[in-house]
Amino acid sequence: MAFGFKIKKLKTSRAYTLEELFEQIQDKTFTAGQPSLTKHSLTTVITFPPLDRNNQIWLMQAQMSKPPYTQWQVYKNQPAGVENMVVNEVLEQLTDGFSRLSGVFGNNAKKIEQLVEITANELEQLNL
């Protein structure tokens, strides 16, 4: 785990675009909750419901090539979405970065790290 981030790699047996992968998992049951497609800045990611404003599971391609992809990453991050980016950046500026500490320390930080592991395992069991 990098400081404040938990990352699990996932490999699919066939190549998917992000949207195709989402179609395969959107109706599945996950311990972390229902996945959704979320616009984040200039990209789109698959996200699971956030635990708080600093802890959410993201699913995104791990390859820097053009789609479709066979390598994916399941990881914890701040909640995706343009509105969340603005709120978190304002709080970062107002608190000199202290507002992000709950994403690194505390019960929700530990819980989301466990959910990253569980979600990666649940995705692997789908044999995508």
Side-chain angles (χ1 to χ4, degrees):
M1 181 180 106
F3 187 67
F5 293 91
K6 175 77 171 184
I7 301 170
K8 292 293 291 182
K9 295 190 188 268
L10 173 71
K11 187 168 173 104
T12 55
S13 60
R14 68 171 277 250
Y16 295 96
T17 64
L18 185 77
E19 292 77 12
E20 290 170 339
L21 182 63
F22 179 71
E23 287 177 19
Q24 295 294 314
I25 68 169
Q26 68 182 344
D27 296 327
K28 306 295 185 215
T29 302
F30 293 92
T31 304
Q34 189 70 31
S36 61
L37 279 177
T38 306
K39 183 78 173 152
H40 187 72
S41 187
L42 299 175
T43 191
T44 302
V45 296
I46 297 173
T47 60
F48 292 83
L51 292 183
D52 59 26
R53 65 175 193 76
N54 284 314
N55 292 289
Q56 183 177 44
I57 295 175
W58 289 24
L59 172 58
M60 205 170 156
Q61 76 275 359
Q63 296 162 282
M64 297 305 284
S65 60
K66 292 183 179 181
Y69 310 103
T70 58
Q71 296 175 19
W72 302 87
Q73 292 181 343
V74 181
Y75 60 101
K76 73 175 256 184
N77 207 339
Q78 289 185 325
V82 176
E83 65 284 347
N84 290 324
M85 286 175 51
V86 171
V87 169
N88 282 336
E89 184 59 34
V90 168
L91 287 170
E92 289 286 312
Q93 294 299 316
L94 290 173
T95 64
D96 287 330
F98 285 107
S99 68
R100 186 174 280 208
L101 288 178
S102 70
V104 179
F105 305 106
N107 291 336
N108 279 349
K110 291 187 187 325
K111 184 174 182 181
I112 201 77
E113 290 170 9
Q114 293 169 340
L115 284 172
V116 165
E117 293 274 351
I118 292 167
T119 303
N121 288 337
E122 290 171 341
L123 286 163
E124 285 175 353
Q125 290 175 6
L126 295 175
N127 294 319
L128 298 169

Nearest heavy-atom neighbours spanning Glu20 and Tyr16: OE1-CA, 3.4 Å
Going from CG on Leu37 to CD on Glu23, what distance comes out if it is rounded to the nearest 0.5 angstrom? 9.0 Å
Can Leu10 and Glu124 be said to form a side-chain contact (heavy atoms from CB on, under 4.5 Å), step by step? CA-CA 7 Å; Leu10 173 71; Glu124 285 175 353; 3.3 Å; yes
Can you check whether Gln71's main-chain N or O pairs, donor with acceptor, with Gln63's side chain at less than 3.5 Å? yes
Looking at NZ of Lys28 and CD of Glu122, how far apart are the two atoms once the value is rounded to the nearest 0.5 Å? 12.5 Å
CD1 on Ile118 to CD1 on Ile57, rounded to 0.5 Å: 8.0 Å
Check whether any side-chain heavy atom of Leu21 lies under 4.5 Å from a side-chain heavy atom of Leu128, and answer yes or no. yes
Between Thr43 and Met60, does the side-chain contact (heavy atoms from CB on, under 4.5 Å) criterion hold? Intermediate values first, please. CA-CA 10 Å; Thr43 191; Met60 205 170 156; 4.2 Å; yes
So Ile25 and Leu126, side-chain contact (heavy atoms from CB on, under 4.5 Å) or not? Walk me through it. CA-CA 9 Å; Ile25 68 169; Leu126 295 175; 4.0 Å; yes
No-hydrogen, no-angle side-chain donor-acceptor test under 3.5 Å, Thr47 and Ser36: yes
Rounded to the nearest 0.5 Å, the OG1 atom of Thr38 sits from the CG atom of Leu59 at a distance of 11.0 Å
In terms of relative ring orientation, are Phe48 and Phe30 parallel, tilted or perpendicular, with 30° and 60° separating the classes? perpendicular
Contact summary for Ala32 and Pro49, nearest pair of heavy atoms: O-CD, 3.3 Å
Between Asn55 and Asn108, is any side-chain donor less than 3.5 angstrom from a side-chain acceptor? no
Locate the shortest heavy-atom distance separating Thr44 from Leu18; write the atom from each residue and the value. O-CD2, 3.0 Å
Step by step, would you call Lys111 with Leu51 a side-chain contact (heavy atoms from CB on, under 4.5 Å)? CA-CA 9 Å; Lys111 184 174 182 181; Leu51 292 183; 3.9 Å; yes
Of the non-hydrogen atoms in Ile46 and Pro35, which two are nearest, and what is the gap between them? CG2-CB, 4.0 Å
For the residue pair Pro67 and Thr17, what are the closest heavy atoms and their distance? CB-CG2, 4.1 Å
Heavy-atom donor-acceptor pair, Gln56 side chain to Ala80 backbone, under 3.5 Å: yes
Indicate the atoms forming the closest heavy-atom contact of Lys76 with Val116, along with that distance. N-CG2, 3.7 Å
Quick check against the 3.5 Å criterion: does Trp58 have a side-chain atom that pairs as donor or acceptor with the backbone of Gln78? yes
Would you check if Thr31 and Thr119 make a side-chain contact, meaning some heavy-atom pair closer than 4.5 Å? no
